[in-house]
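Okay, so here's the structure we're looking at.
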Amino acid sequence: MAKYSIDVIRHSAAHIMAAAVQELYPNAKFDIGPSTADGFYYDFDLEQRLVPDDLNKIENTMKKLLNQKLPFEYIEMNREDAEQLLKEQNQTYKLERLADIPEGEKITFYKCGQFLDLCRGPHVEHTGQIGVVKLLSIAGSYFRGKESNPMLQRIYGTAFNNKKELNTYLKQIEEAKKRDHRKLGRELDLFSISEQVGGGLALWHPKGALIRNIFETFWREEHYKNNYDLLYTPHIGRSNLWETSGHLNFYGDAMYAPMKIDGNDYYVKPMNCPFHIEVYQSRLRSYKELPLRWAELGTVYRYEKSGVLHGLLRVRGFTQDDAHIICTPEQIESEISEVLRFSLSIWKSFGFTDIKAYLATKPEKSVGEPERWNQALISLEKAVKEHGLECEVDEGGGAFYGPKIDLKIKDALGREWQMTTIQFDFNLPERFGMSYIGEDGKKHQPFMVHRALLGSLERFFGILIEHYSGAFPLWLAPEQVRILPIAERHQEYALNAKKELRQLGLRVDADCRSETIGSKIKDARNSRIPYILVAGDRELESASFSVRSRREGQIGEVAFETLKEKLLSDVTEKI
RNA sequence: GCCAAUGUAGCUCAGUCGGUAGAGCAAUUCACUCGUAAUGAAUAGGUCAGCGGUUCGAAUCCGCUCAUUGGCUCCA
C-alpha cells in the first residue's frame, strides 16, 4: 500500500464527505473542500439546514464508502466539456471556480463512486487508504470568503491514518478545552465578563488583578531598566486630534460615538499614538534628545463586531503595553535591534522561548518616501538576522503607513499566538508635522516606531492562563503558599507562620476551616497553589512544615527557616 | 455584522405528552478536631435569558429581542 501524506488523505476524505452529501442530498451544490492544518472541510449550498445529527448520518455514509475501497479516477477534460458538464449539473460555484483556472492550464477532475469533482488532486488510490474519519462541526462560511457573497454551509472534519492518531488528536482538543481561559477564569475566580456591563469588557477579580499588578510592575521596571520613559495620557480626545491623525477617516467605524463637551466632540481613544505625539509636540525638539522611547499602559476602546468577541482574547476595551520610539534615521538600526532583544527577554521571563518572526513589507498603496521604506525594511531584516529568529516574509503585507515585524509565540500546547508587533509609521509624523532640529540647524522629520510587546494585557492574560493551565509560576501566583493546620490546636502556629511569611513579601494564606486535612489539600490543589504547608503535632514540635510543592510533589518535613530561604529564592528565580 | 446551535440555582446538568421546579458540587449553620485529593447533618438558593402570542394552564408550542458558543468576515 502506497504511503500518502496526511494532507492527501484529508483532501481525499473531503471528497468522500462531498460524495456522502451528494448521496444524501442530491440537489447539493458544491464549492471546494481543501485539507487544513488538522483536518479538512467542504462548503455546500443545500436546500435544508444541517443540524448536528446530520453529521452522524453523513459520517456513516462516508464509512460505507470507505469500506467499498472505491478508486479515485483521474479525468482530464477540455474547458468546453467541463463547462458543459458543470452546467448540466447546475454546479454554479464550481463553474466560477472553473473560470478561475488560467487559460492553457490543464483542467482535471477526480471521480470517486458517483461523485465527480473539479480538482487538481492528488488523491489516494482508493478510499480504503483514507484510514479513519470524524466529522466535527457545522459552520457558515461566505463563498470565496467575501462578506457580500452568499453564505454556504461548511462541514469541518478530520482524518487520520488510524484510530490511535485520531484519539490523540481528540484528546488534544479535550486538553485545550480544560485549559480554556474562560473556564479557568471562572473556576479560579480571576475575571469575568458581565452581560450587565457589556460584551468584550472584562472585569478583573482580585486574584486576576493581583496577577496583572505583578506583571505590570515587572513590565514597568523592565522598561525603566531598558531606557524607556513612562507616560500617562487621557482616555478621550477632541475630534480635531482624530481628524489630524486620520483615525476618524480611516477607522471611524471602529470608534465609539463621540460625546459633546462644551460644543466639541470628544472621542474615546482607540489608540495612544496621537497623545504621545502631542507630548512630543509640546516643545521644540533637538536631535540631541533623540531617541525618545515613551511607553504607556494605555487603555483603549474599539468597536469590535459582536460575532468576534471571545473571552479575553478579543475584547472591546483593553490595555495596550504601547510604546513609541522617535529617533533619527541614523538611530533606526540599533533601536529596532534593541526592541527585538528586549521583547525576546520579556517573553523568556514568562516562559515562552519558541518565537517566530513575520516580516511584512510595502503594500501597493502606501505613504512615505520609498527611501525611508527601504531603510526601515533593512533595519527590520538585520535585527531578525542578528537575533537568529526564524522569519517568514509577507510581501506587500505591511500597513499602508509602514513595514512591520510581528512575533508569534508558541504556548505549552504548541499553538501560535501573534503577540508582539513592531511597526514603522511614515504617516503620523507627516500628518502631525513632527520635526526635530538637526545638527545642521534645520528641521528634519523623525522616524517613528510603534511597538507593543505583550499586545493587550487582557489577551496576554488569557493566553498566560491557558499556557500555564491556571498553574501560575511562583512569582505570578496570586496565592503562593497556603498553610493547612490539621486541628484547631495548630492554628496559632499556622497563623504565626503566615504573618512571618507575609513580612517577607510572600502571598500566603492559612486554611483554618474545620475540614479534614484531605479536603483542604484537595481545595489547595484545585486552586493551583504552588506550595502547600501542612502543620500538625510533629511539625509544631520541630518548628517545621510538611511541604508539598506543585512542581516537585511531596517534599516532606522542612524546617521553617530553610523553607523561607527556598521560597524566596524560587520567587527570585521566577520558577 | 453574517450562518448555525445553545440559554433551567454560583457551577455541571436532569426535567417524559403542556399540568405549576429537581440532582450533584459549591454556599450558609451546627456537630466533629481529624496526618496528605471529598466527615456528617440541616438550611438556604429560581422572573426556567427577556418581551409578546397560543392555551383553562407554558421551562416545555410559536414569534421577536438579548446574550453566549462554534465558524465566516474583520482586527489601525
Side-chain angles (χ1 to χ4, degrees), chain A residues 41 43 45-46 49-54 136-156 177 180 182-183 186-187 189 192-200 242 245-255 269-274 300 302-311 313-316 318 320 398-402 404 418 421 423 425 427-428 450 452 455-456 459 484-491 512-527 532-539 545-548 553-557:
Chain A
Y41 65 82
D43 286 347
D45 188 353
L46 302 175
R49 300 272 162 240
L50 292 172
V51 296
D53 241 10
D54 295 330
L136 299 169
S137 61
I138 304 163
S141 151
Y142 299 110
F143 176 55
R144 288 184 193 280
K146 262 187 77 176
E147 220 173 341
S148 51
N149 281 342
M151 187 159 266
L152 306 174
Q153 299 194 72
R154 173 175 295 181
I155 302 178
Y156 281 97
K177 264 191 199 158
D180 191 312
R182 293 166 298 183
K183 182 174 178 283
R186 190 178 51 237
E187 285 172 3
D189 200 12
S192 65
I193 292 170
S194 154
E195 209 176 298
Q196 249 345 314
V197 176
W242 306 109
S245 72
H247 286 107
L248 265 181
N249 194 15
F250 287 108
Y251 314 111
D253 286 350
M255 288 170 69
K269 67 175 168 184
M271 292 194 101
N272 305 300
C273 337
V300 299
R302 300 177 183 179
Y303 169 73
E304 301 283 0
K305 288 178 181 175
S306 57
V308 306
L309 301 178
H310 180 95
L313 301 187
R314 191 79 182 267
V315 286
R316 285 181 172 158
F318 55 97
Q320 292 181 305
F400 73 90
Y401 51 80
K404 64 168 180 177
Q418 201 246 290
T421 185
Q423 313 193 352
D425 194 324
N427 184 42
L428 291 180
H450 311 268
S456 107
R459 188 176 136 86
L484 313 182
I486 287 175
E488 230 168 280
R489 62 179 179 279
H490 311 121
Q491 274 185 25
C512 294
R513 295 173 304 161
S514 70
E515 293 289 336
T516 59
I517 191 66
S519 157
K520 289 183 191 181
I521 284 181
K522 178 187 66 100
D523 288 343
R525 285 179 59 107
N526 285 342
S527 304
I532 301 171
L533 313 185
V534 177
D537 290 336
R538 289 202 299 272
E539 290 77 11
F545 284 95
S546 171
V547 180
R548 191 192 259 256
Q554 182 73 36
I555 293 175
E557 270 184 54

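In what follows, every heavy atom counts, from backbone to side chain, and hydrogens, waters and symmetry copies are set aside. Every chain is numbered from 1, with letters handed out A, B, ... down the list of sequences.
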Min side-chain heavy-atom separation [X]-[Y] under 4.5 Å:
{"X": "Val300(A)", "Y": "Phe318(A)", "result": "yes"}
{"X": "Arg316(A)", "Y": "Ser306(A)", "result": "yes"}
{"X": "Arg548(A)", "Y": "Arg525(A)", "result": "yes"}

Does [X] put a side-chain nitrogen or oxygen below 4.0 Å from OP1 or OP2 of [N]?
{"X": "Tyr303(A)", "N": "G1(B)", "value": "yes"}
{"X": "Thr516(A)", "N": "U39(B)", "value": "yes"}
{"X": "Arg154(A)", "N": "G70(B)", "value": "no"}
{"X": "Arg548(A)", "N": "A37(B)", "value": "yes"}
{"X": "Ser514(A)", "N": "U39(B)", "value": "no"}
{"X": "Tyr156(A)", "N": "C72(B)", "value": "yes"}
{"X": "Arg525(A)", "N": "A38(B)", "value": "no"}

Across the strands shown, which category fits [X] at heavy-atom distances under 4.0 angstrom: base, sugar-phosphate, nothing?
{"X": "His310(A)", "answer": "sugar-phosphate"}
{"X": "Glu187(A)", "answer": "nothing"}
{"X": "Gln554(A)", "answer": "base"}
{"X": "Arg302(A)", "answer": "base"}
{"X": "Ala254(A)", "answer": "base"}

C48(B) and A14(B), which share atom name C1', separated by this distance in whole Å: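 Pairwise C1' distance, A14(B) against C48(B), rounds to 13 Å.
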A4(B) and G46(B), which share atom name C1', separated by this distance in whole Å: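 It works out to 29 Å between them.
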Whole-Å distance separating the NZ atom of Lys305(A) from the P atom of C3(B):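 After rounding, the reported distance stands at 13 Å.
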Carboxylate-amine/guanidinium contact Asp537(A) Arg489(A), below 4.0 Å: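 Yes, charged N to carboxylate O under 4.0 Å.
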